[in-house]
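One structure is given here, and the rest of the page talks about it.
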Amino acid sequence: MRVWLLAAVAFAGSVCAQASSDGLRIAAWNITFYDGGFGDEIANVIYGEYEGRSMAPDVVALQEFSGTGALADFVAALNGAPGSPGDWVASPMLTGRTLNTALTYRSSKLDFLGRQVISTQSSSGPPRGVQRWDFELNGYDSEGGRLSIYSVHFKAGSSGSDQNRRRIEAEIIRRDSASLPGQRAFVIAGDLNIQRASQAAYVELVSEATPRDLSGDGRFIDPIATPGDWQNNGAFTFVHTQDPATQVDDRYDQILVSEELVDRQGLEYVGDAMAPYSTVTWDDPNHSYRAWGNDGRSFDRSFGATNEMVGPSIAADIVTLCFGGGHMPVFLDLRVPARVAVAESVDLGVVSPGAGFSLGLAHGGDVGLWGEAGLDSLNYLALPGGAVSMPIAFGELAPGAATSLVGSAPLSEGPFVGDITISSNDPDRPAVVVSVTGVVSVCRADVNGDGSLTPTDLNAWILAFNTGDAAADQNGDGEVTPNDFSAWLLNYNAGCG
């Protein structure tokens, strides 16, 4: 049973405000033949703020880097930027070509698992090498917490030859994404150089059925549900990414995601993947996806002196880094899976028949690392087993929240073993069996219930007698009378079984 279905909540149709530090923000940026030397501009585009907004990503898929020196320069700019956490790392990249793709990431949020070179340049193959970088979310250790990223730069142009070269590269990527382990989330991020959704490369990436009949395996999804003829088309103004320095009229730069990231469970795109991106505002409340700097006022012209999304300073540096014919960054946010926090064993010690107990259950996600808005809610179902009793419990816990599950020991005397199975949407621990042990002792004189007989139990009996508590009924006649004092003395002298 999928526990989270028990507490299913339909997508409300709007994205709650999520700080850039919440969850995992993935960006793509073609900086146009970058060879280093623009650290201040990079720092401002990435970490500069305008009206409380900042790009501040956790991963940046990069294109058009001259080599490892340019990548090192970029990482140094990120780590030295005001407001940076200083934990940026460059992952390995292919070298030997002027249009290299690369990737940087924050090591506090992601553990690097490895890089796979899917293909290298050949005269008949893709125009550039295809690489895949694999990561695991910090603190997670299952496929539900892993993410693969393809940073790409497809062949430019609209001729039949150009489109065929893009199709070949898309086929290679689709074949590789189809081979990834089940539950593995993946994204493709970069400069696709595709003018319209009907082109063969795009169809290869997003179609359920492909010419190689993968039956939907490895399919990519456009998280903003915005297919069409994007080039020089004002209907797509708010998703265009090229060119801020001359005229903004192409959606070349995109981030496409796997179906695992839009199924509304686990690692998940923050937004409604069924809703097309707004045609009237850059600040679409249904999506975390943004073309950073595109405020919708630059269609068929360059960025102006003002910019409603990023302000004049960041906009000017985006233009500077374009070097003419360049691109603005795009990004989206992912919400991180929930974690369950519960003890796996509980020893109740010596208890009276039917004694009650409580079991603490909490959302164990790292709020300090991922933020409250960056973590999925914990949906749980708790079922008792063995000797203990407990009502079936299910519910939802927000990040940082906790609850108590209340149960009771058996009525029969002697040692007992029970369990409580907690199923949840924690990908690492989808089912936790909590062992509950103890010993039931029939010991009427132990009125304070501490498992031993001491003179303090007399005080406890007097208090129970004065309040009419059933614990004062020591002779078991169902009434609390002075005769129960004599019965308590007998029970006390008899000791506990």
Side-chain angles (χ1 to χ4, degrees), residues 11 13-15 26-30 53 55 152 154-159 162-163 166-167 170 187-208 219-257 262 269-310 315 318-319 322 325-333:
F11 187 83
S14 64
V15 176
I26 299 175
W29 196 6
N30 181 340
R53 292 184 292 275
M55 184 179 173
V152 300
F154 284 7
K155 178 70 174 65
S158 56
S159 70
D162 296 331
Q163 294 190 45
R166 289 196 292 268
R167 177 189 59 80
V187 304
I188 186 170
D191 182 0
L192 301 183
N193 270 317
I194 294 174
Q195 293 86 11
R196 56 192 58 87
S198 60
Q199 290 185 357
Y202 205 77
V203 172
E204 182 70 29
L205 292 173
V206 304
S207 295
E208 289 192 37
R219 178 190 181 198
F220 291 88
I221 305 291
D222 180 3
I224 60 173
T226 306
D229 185 348
W230 304 299
Q231 189 171 53
N232 201 28
N233 187 339
F236 299 101
T237 295
F238 293 102
V239 298
H240 286 153
T241 62
Q242 194 196 35
D243 163 24
T246 58
Q247 58 185 36
V248 180
D249 59 5
D250 279 297
R251 191 195 177 193
Y252 284 162
D253 307 270
Q254 297 188 36
I255 302 176
L256 305 177
V257 304
V262 292
Y269 169 64
V270 178
D272 184 356
M274 300 295 291
Y277 203 85
S278 174
T279 59
V280 297
T281 178
W282 59 265
D283 193 18
D284 188 334
N286 290 319
H287 293 283
S288 62
Y289 194 109
R290 296 286 184 267
W292 186 235
N294 185 348
D295 65 354
R297 298 189 300 165
S298 301
F299 176 63
D300 264 348
R301 65 184 182 90
S302 63
F303 275 6
T306 60
N307 189 291
E308 292 181 356
M309 182 191 293
V310 301
I318 292 174
V319 171
C322 284
H327 309 248
M328 67 188 81
V330 294
F331 67 79
L332 57 76
D333 294 331

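What you see is a predicted model; the values in this text were computed from it and never measured.
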Problem set entry | Asp284 side, atom CG; Phe238 side, atom CZ - distance, nearest 0.5 Å | 9.5 Å
Exercise. What is the minimum heavy-atom distance between Asn233 and Asp229, and which atoms define it?
Worked result: ND2-O, 3.0 Å
Problem set entry | Validation row: Tyr277, Asp222 side chains within 4.5 angstrom (heavy atoms) | no
Problem set entry | Residues forming a ring pair (Phe, Tyr, Trp, His ring centres under 6.0 Å) with His327, sequence neighbours excluded | none
Seminar exercise, completed: The reported gap from OG1 in Thr246 to CZ in Phe303 (rounded to nearest 0.5 angstrom) is 11.0 Å
Seminar exercise, completed: Interatomic distance, CZ@Arg167 vs CD@Glu204, rounded to 0.5 Å, equals 7.5 Å
Problem set entry | Interatomic spacing from CZ in Phe220 to CD1 in Ile188 - rounded to 0.5 Å | 5.0 Å
Problem set entry | Shortest non-hydrogen separation from Lys155 to Asp162 and the atoms involved | NZ-OD1, 2.9 Å
For this session: Kindly say whether Gln199 contributes a backbone atom to a donor-acceptor pair with the side chain of Arg166 at under 3.5 angstrom?
Result: no
Exercise. Is it true that Asp283 and Arg290 have a side-chain N and a carboxylate O under 4.0 angstrom from each other?
Worked result: yes
For this session: Return the minimal non-hydrogen interatomic distance between Ala315 and Val310, and the atom names on each side.
Result: N-CG2, 3.7 Å
For this session: Enter the distance from Trp230:CH2 to Thr241:OG1 here, rounded to the nearest 0.5 Å.
Result: 10.5 Å
For this session: Check whether any side-chain heavy atom of His287 sits under 4.5 Å from a side-chain heavy atom of Tyr269, and report yes or no.
Result: yes
For this session: Return the minimal non-hydrogen interatomic distance between Ile318 and Pro329, and the atom names on each side.
Result: CD1-CD, 4.4 Å
For this session: Can you tell me which residue pairs pass the side-chain hydrogen bond (donor to acceptor under 3.5 Å, both in side chains) test with a partner in residues 292-302, sequence neighbours excluded?
Result: Asp295-Arg297, Arg297-Thr306
For this session: Check whether any side-chain heavy atom of Phe299 lies under 4.5 Å from a side-chain heavy atom of Asp249, and answer yes or no.
Result: yes
For this session: Measure across Val203 and Ser198 and return the closest heavy-atom pair with its distance rounded to 0.1 Å.
Result: CG2-O, 3.7 Å
Exercise. So do Trp282 and Asn307 actually touch side chain to side chain, heavy atoms under 4.5 Å?
Worked result: no
For this session: List the steps and the verdict of side chain to side chain contact (heavy atoms under 4.5 Å, CB included) for Val257 and Leu332.
Result: CA-CA 10 Å; Val257 304; Leu332 57 76; 4.0 Å; yes
Problem set entry | Asn193 side-chain N/O to Phe154 backbone N/O, donor-acceptor pair under 3.5 Å | yes
Exercise. What's the spacing between Ile255 CD1 and Leu192 CG if we round to 0.5 Å?
Worked result: 10.0 Å
For this session: Could you go through the side chain to side chain contact (heavy atoms under 4.5 Å, CB included) check for Tyr252 and Gln231 one step at a time?
Result: CA-CA 9 Å; Tyr252 284 162; Gln231 189 171 53; 3.2 Å; yes
For this session: Would you mind reporting whether Asp191 and Gln242 have side-chain heavy atoms less than 4.5 Å apart?
Result: no
Exercise. Shortest non-hydrogen contact from Pro244 to Cys322?
Worked result: CD-SG, 3.6 Å
Exercise. Looking only at atom types and distance, does a side-chain atom of Gln163 sit under 3.5 Å from a main-chain N or O of Ser158, one as donor and one as acceptor?
Worked result: yes
